[in-house]
Amino acid sequence: RELELQQERDRYQSLFENNPLVIWEEDFSEAVAYLDSIVSGVDDVEAYLLQNPEEISRLMERVEIVDVNGNAVEYYGAASKEGLMRSVDDLFGDGATEALAAEWAAIADGELRFRTEVTGRKLSGTTYRELLDLFVPEESADDYSRVYVIGTDITEQKQRERELKRQNERLDAFASVVSHDLRSPLSVAVGRLELAREEC
């Protein structure tokens, strides 16, 4: 049994470390206990947190980072796992408050999965768009003592979407111009066709 358990641990560690995605393993139990205490009399948790962003900071201070995979160290440009974990506050970009308020509201509702898009910042200062997936295993559903946060860089996808939108706008403008330019000759052609029908 010990050998099987060790093999399971080795497989998990290998999957965790060699995964091409950015993976954080975190303990939210202290933060969730604090969340329960501040929202017990609140109807709209998300609105409350947006109006009181200092509460989001207090929640984040209570999140314990257990581990982060090797890909994350390379991706964010950190020297080590420890350095990355110490610098986690530097990774949030514009709009993080809204995303975090929505995340904590979902947790307050007992959600075990949550997805959001954020603007992040690498340690070099470069900004990027990231899809964040939060996942809580069933065995940690009661206290959120083990939470996985998985990051996927979607910067290129967002750039392609913006370019496609610009192309569609240009096509719409072109179609509008062509439609306008063809309207007059077509009206003339229709008029002449009607005259020809009357005469012939």
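Keep in mind that what you see is a predicted model, and the values were worked out from it rather than measured. Heavy atoms only: backbone and side chains are in, while hydrogens, waters and symmetry mates are out.
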| Would you say D10 has more than 12 foreign heavy atoms packed within less than 6.0 Å of its CG? | yes
| query | Would you call R146 and D27 a salt bridge, using N to O less than 4.0 angstrom? | reply | no
| said: Around atom CD of E117, are there more than 12 heavy atoms from other residues, nucleotides or ligands closer than 6.0 Å? | reply: yes
| field | Gap separating the CG atom of L15 from the CG atom of N69, nearest 0.5 angstrom | value | 11.0 Å
| Electrostatic pair R166:E163 at N-O distance under 4.0 angstrom | yes
| query | How long is the gap from CD on E55 to CG on L50, to the nearest 0.5 Å? | reply | 12.5 Å
| said: So that I can tick it off, tell me whether R11 and E8 are bridged by a salt bridge, with the cut-off set at under 4.0 angstrom between side-chain N and carboxylate O. | reply: yes
| query | Are R197 and E194 close enough, and set up right, to give a salt bridge (charged side-chain N to carboxylate O under 4.0 Å, His left out), and what steps lead you there? | reply | CA-CA 5 Å; R197 279 182 179 148; E194 287 173 356; over 6 Å; no
| query | Is there a donor in the side chain of Y144 and an acceptor in the side chain of E26, or the other way round, less than 3.5 Å apart? | reply | no
| task | Kindly indicate whether a cation-pi arrangement holds for R62 with Y34, taking the cut-offs as under 6.0 Å to the six-membered ring centre and within 45° of the axis. | result | yes
| Do T126 and R121 have a side chain donor and acceptor closer than 3.5 Å? | no
| task | Compare every heavy atom of P20 with every heavy atom of N71, then report the nearest pair and how far apart it is. | result | ND2-O, 2.5 Å
| Evaluation steps, side-chain contact (heavy atoms from CB on, under 4.5 Å), between D153 and E130 | CA-CA 5 Å; D153 191 327; E130 187 174 34; 5.8 Å; no
| Shortest non-hydrogen contact between A106 and F114, atoms and distance | CB-CD1, 3.6 Å
| note | dist E61:CD -> D89:CG (nearest 0.5 Å) comes out at 8.0 Å
| field | Over 12 foreign heavy atoms within 6.0 Å of CD, E54 | value | yes
| query | Is the backbone of G83 close enough, under 3.5 Å, to the side chain of S80 for a donor and an acceptor to pair up by distance? | reply | yes
| said: Less than 4.5 Å apart, side chain to side chain, heavy atoms only: is that true for E25 and V68? | reply: no
| message | Checking the side chain of D143 only, and the main-chain atoms of S29 only, is there a donor and an acceptor separated by less than 3.5 Å? | response | no
| task | Indicate whether any N or O donor in one side chain lies under 3.5 Å from an N or O acceptor in the other, for Q6 and E2. | result | no
| request: Decide if atom CD of Q167 counts as having more than 12 heavy atoms of other residues, nucleotides or ligands within a radius under 6.0 Å. | output: yes
| field | Test item: T155 side-chain N/O and R129 main-chain N/O as donor-acceptor pair under 3.5 Å | value | yes
| said: With rounding to the nearest 0.5 angstrom, report the CD1 to CZ distance, I107 to F28. | reply: 5.0 Å
| Test log, rule side-chain contact (heavy atoms from CB on, under 4.5 Å), inputs F135 and R115 | CA-CA 9 Å; F135 167 69; R115 172 174 277 190; over 6 Å; no
| said: Applying ring-ring contact (aromatic ring centres under 6.0 Å, His included), can you list everything that pairs with F16, at least two apart in sequence or on another chain? | reply: Y12
| request: Go through L35 and L59 one step at a time and tell me if the side-chain contact (heavy atoms from CB on, under 4.5 Å) criterion holds. | output: CA-CA 7 Å; L35 180 66; L59 286 163; 3.8 Å; yes
